[in-house]
Every structure is written in C-alpha cells, then in structure tokens.
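Computed over heavy atoms, backbone and side chain alike; hydrogens, waters and symmetry mates excluded.
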Amino acid sequence: MTPSRSTEVDSQLVAIDGLEMAMRVQGDGDPLLLINGMARPLQSWTHLEQELRARTIVSFDAPGVGNSPTPLLPVSIPRLAALAIGVLDASGLRDADILGFSHGGAVAQQLASDEPDRVRRLVLVSTSCGLGTTLGCGRAMLRSLGTPSNGNSWPRADARGLLWHALAFSSWSSIPFLGTIVAGTLVVCGTHDRVVPPANSRMLAGRIPGASLVMLSGGHDLQRPEPARALAHIVEEFLGQSPSR
C-alpha cells in the first residue's frame, strides 16, 4: 500500500513486519506521524486532527489496540518504533514530523534515536523516559486507559494487548540515549497532569539537546477538545519553524 500524500484513505489493515496493523492517511501537505497513547485507537486523534491544517496526517492502531489484532507475544518499545517506521514506509513517506502522546511518546523517543534520518522534528506530549520516571497517581493512570474523549465511543484495547504495552513500557528507559536525539524537539505537558507528572517533561526537555518545553493548563489528556486546540496551535507554530538539521 502506497497511498498518495494528497489522498484521504480510510483506516485499513496492512501487513508490517509480520503483523497486521490498522492505519490511516489523510490530508495534504507536510507529513505528520501520530503515535498514540496506551490503549487508545487512532480515533482518539479526531479533535487534534480537526485543528491541524495543511498536513498529511498518518495515524495507526498499535498491535492489540483498536482494529490491529493482538500479537501472540509481547512487543517491545524498540519493536513498536520499528513498526511505526513500517507505517511510514507503507504510506510512501521517506520522513515525517513525529508526535507521540503518553505511551506513544516513549515510542517516538525510541524512533528518534534508532532512525534519526526519518524524523524531521519531534513532539513529545504528556510522556516520560520510562524507567527512572516520576510516578503519577495510580487511580489517575487507570482512569486514563482507553477512556473515550468527550464521550466518543472508541474500540477498547484487548486485555492481552494492554498487558503487552504495559510490559514494554515497564522494562524500557530512554535515559541512556536522550542526549543523542538530534531532531528539533518540543516537549508538552499539562500543568496538572496526575498520570505523568510535569517533572517528567522537565527532565526530557533538560536532557534532549535544544529541546523546548511548553506547559498547558490542564491534566494528562491533551487529546480532549479544548486542550487539543491549544496543543494544535503550539504544534503548528513549532512545526512551522525550519528543521534543526
């Protein structure tokens, strides 16, 4: 599958590295790959997508989430990053700006480290370094898993798929390689995030060379309508700058 960058394509299953994954390409313009949070399907990007203009937006369901079947064996963060690169390949894109939310921010960090030539700019939203993180509130974490934004009905993550993603994150850390990330980076968090406390974003911005930090009023879920509008504004402003390399 090699959809045109100017064609809107409904979500469909494609084979990537031995797994079936649901992906979608829509819009026209500079490409932006969205990497989602744990248990959240590509539908959860709706509010952000509506605010972004003049971009080719590529999104996908990670294995075990949404319409992507759950693999028999766990999938590590490096494997998820490789699968995200496979999504770019399936979209016919050589490189793209990358935006990762929450769990997807971990995947985005790994991708930027493993495949720097495929990353134009990097946006890390409501995320952390994995092992070595400042822990959030357990109840808030549980409430955030798969919760529909603004009452929308999303496909629920498979229980085993959710376990695979939790295991991947619990055994991973970006601390050893944060200083090697070369893409221009924007780190964004909510001022009252109880799932991934703001201290984590401060740490990421402090360790990634040249990274900027923006704190938005609100909590963890910056995919909700109001924070999504604010997030889209600062993302557009950041991506409108010339790449650092």
Trainee: Without hydrogens or angle criteria, can the side chains of Q12 and N67 be said to hold a donor-acceptor pair below 3.5 Å?
Mentor: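 Their side chains do not contain a donor-acceptor pair, so the 3.5 Å distance test is not met.
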Trainee: Say you draw a straight line from OG1 of T70 to CG of L162; how long is it, rounded to the nearest 0.5 Å?
Mentor: 9.5 Å
Trainee: Which residues satisfy the side-chain hydrogen bond (donor to acceptor under 3.5 Å, both in side chains) test with S174, sequence neighbours excluded?
Mentor: Q109
Trainee: Which residue pairs pass the salt bridge (Lys or Arg N to Asp or Glu O under 4.0 Å) test with at least one member in residues 163-180, sequence neighbours excluded?
Mentor: none
Trainee: Please tabulate, for the side chains in residues 76-84, all donor-acceptor contacts under 3.5 angstrom to protein atoms that are two or more places apart in sequence or on a different chain.
Mentor:
| from | atom 1 | to | atom 2 | distance (Å) |
| --- | --- | --- | --- | --- |
| S76 | OG | R79 | N | 3.1 |
| R79 | NE | D17 | OD2 | 3.0 |
| R79 | NH2 | D17 | O | 2.8 |
| R79 | NH2 | D17 | OD2 | 3.4 |

Trainee: Given side chains that start at C-beta, do those of V196 and T127 come closer than 4.5 Å, heavy atoms only?
Mentor: no
Trainee: Using modelled atom types only, decide if a donor and an acceptor are shared between the side chain of H165 and the backbone of A62 within a distance under 3.5 Å.
Mentor: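 No; judged by distance alone, with no hydrogens or angles, the pair does not exist.
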Trainee: Assess whether a salt bridge exists between D95 and R120, defined as any Lys/Arg side-chain N lying under 4.0 Å from an Asp/Glu carboxylate O.
Mentor: yes
Trainee: Taking the side chain as everything from C-beta on, heavy atoms only, tell me whether L93 gets closer than 4.5 Å to V58.
Mentor: yes
Trainee: Report the residues that fulfil side-chain hydrogen bond (donor to acceptor under 3.5 Å, both in side chains) with S113, sequence neighbours left out, ordered by chain and then residue number.
Mentor: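 For S113, no residue satisfies side-chain hydrogen bond (donor to acceptor under 3.5 Å, both in side chains) once neighbours in sequence are set aside.
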Trainee: When you check the gap from the basic side-chain N to the acidic O, do R118 and D89 get nearer than 4.0 Å?
Mentor: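 Yes, charged N to carboxylate O under 4.0 Å.
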Trainee: Not counting sequence neighbours, which residues clear side-chain hydrogen bond (donor to acceptor under 3.5 Å, both in side chains) with W45? List them please.
Mentor: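 Listed in chain order: nothing, the list is empty.
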Trainee: Got a sec, which residues hit side-chain contact (heavy atoms from CB on, under 4.5 Å) with S212, two or more places apart in sequence or on another chain?
Mentor: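 Expected list: L186.
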Trainee: What's the verdict on side-chain contact (heavy atoms from CB on, under 4.5 Å) for E49 and L52, showing C-alpha distance, side-chain angles and the deciding distance?
Mentor: CA-CA 5 Å; E49 290 169 341; L52 294 172; 5.6 Å; no
Trainee: Check whether any side-chain heavy atom of L216 lies under 4.5 Å from a side-chain heavy atom of C189, and answer yes or no.
Mentor: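 The answer is no; the side chains never approach within 4.5 Å.
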Trainee: Compare all side-chain heavy atoms of L34 with those of I57 and state whether any distance is below 4.5 angstrom.
Mentor: yes
Trainee: Search all heavy atoms of A96 against all heavy atoms of L33 and return the closest pair with its distance.
Mentor: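 Where A96 meets L33 most closely, the heavy atoms are CB-N, 4.3 Å.
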Trainee: Once rounded to the nearest 0.5 Å, what's the spacing between atom CD1 of I98 and atom CZ of R121?
Mentor: 11.0 Å
Trainee: Grab the two heavy atoms, one from A211 and one from A205, that are nearest each other, plus how far apart they are.
Mentor: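 Looks like CB-O, 3.7 Å.
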Trainee: Which one of I175, T134, I208 satisfies the side chain to side chain contact (heavy atoms under 4.5 Å, CB included) criterion with M203?
Mentor: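 Per the side chain to side chain contact (heavy atoms under 4.5 Å, CB included) rule, the option paired with M203 is I175, out of I175, T134, I208.
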Trainee: Heavy-atom distance under 4.5 Å between the side chains of M215 and P198, does that happen here?
Mentor: yes
Trainee: For S171, check side-chain contact (heavy atoms from CB on, under 4.5 Å) against everything at least two apart and list the hits.
Mentor: none
Trainee: When you compare the side chains of D30 and T56, does any donor N or O come within less than 3.5 Å of an acceptor on the partner?
Mentor: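 D30 vs T56: no donor-acceptor pair found between side chains.
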Trainee: Identify every side-chain donor-acceptor pair in residues 226-238 under 3.5 Å, counting partners at least two apart or on other chains, and give the distances.
Mentor:
| from | atom 1 | to | atom 2 | distance (Å) |
| --- | --- | --- | --- | --- |
| E236 | OE1 | R55 | NE | 3.3 |
| E236 | OE2 | R53 | N | 2.9 |

Trainee: Measuring from atom CZ of R24 to atom OG of S59, what distance do you get when rounded to the nearest 0.5 angstrom?
Mentor: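 With rounding to 0.5 Å, CZ (R24) is 4.5 Å from OG (S59).
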Trainee: So F60 and I35, do their side chains get closer than 4.5 Å, heavy atoms only?
Mentor: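 I35 vs F60: side chains touch.
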Trainee: Is a side-chain N or O of S44 found less than 3.5 angstrom from the main chain of R40, in a donor-acceptor match?
Mentor: no
Trainee: Quick one: closest heavy-atom pair of D61 and P41, and the distance?
Mentor: OD1-CA, 3.2 Å
Trainee: Between the side chain of D114 and the main-chain N/O of L111, is any donor-acceptor distance below 3.5 Å?
Mentor: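 Flag not set: sc D114 to bb L111 has no pair under 3.5 Å.
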Trainee: Just jot down the side-chain contact (heavy atoms from CB on, under 4.5 Å) partners of L131, sequence neighbours excluded, or say none.
Mentor: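 Expected list: S173.
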Trainee: Other hydrophobic cluster members with W164, side-chain heavy atoms of Ile/Leu/Val/Met/Phe/Trp/Tyr under 4.5 Å, chained?
Mentor: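 When side chains under 4.5 Å apart are linked, the cluster holding W164 also contains L163, L167.
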Trainee: Can you tell me how far apart CG (L239) and CG (L99) are? Round to the nearest 0.5 Å.
Mentor: 8.0 Å
Trainee: Kindly write out the residues that satisfy side-chain hydrogen bond (donor to acceptor under 3.5 Å, both in side chains) with S128, not counting sequence neighbours, or none if the list is empty.
Mentor: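 side-chain hydrogen bond (donor to acceptor under 3.5 Å, both in side chains) list for S128, sorted by chain: T133.
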Trainee: Hey, what do you get for CD (Q110) to CD (E115), rounding to the nearest 0.5 Å?
Mentor: 10.5 Å
Trainee: Would the distance check show the side chain of S170 and the main-chain N or O of A166 forming a donor-acceptor pair, the cut-off being under 3.5 Å?
Mentor: yes
Trainee: Which distance, rounded to the nearest 0.5 Å, do you find between the CG of L48 and the CG of L32?
Mentor: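 Taking CG in L48 and CG in L32, the distance rounds to 7.5 Å.
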Trainee: Tell me the closest heavy-atom pair linking L13 and P69, and the distance in Å.
Mentor: CD2-CD, 4.2 Å
Trainee: Go through the structure and list residues passing side-chain contact (heavy atoms from CB on, under 4.5 Å) with S102, not counting sequence neighbours.
Mentor: H220
Trainee: So do V188 and S201 actually touch side chain to side chain, heavy atoms under 4.5 Å?
Mentor: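 Side chain of S201 against side chain of V188, heavy atoms only: no contact under 4.5 Å found.
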Trainee: Indicate the atoms forming the closest heavy-atom contact of A22 with S11, along with that distance.
Mentor: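 Minimum heavy-atom contact is CB-OG, 3.7 Å.
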Trainee: Are any of the side-chain heavy atoms of Q223 and H47 separated by less than 4.5 Å?
Mentor: no
Trainee: Relative to the ring of H103, is the ring of F169 parallel (under 30°), tilted (30 to 60°) or perpendicular (over 60°)?
Mentor: tilted
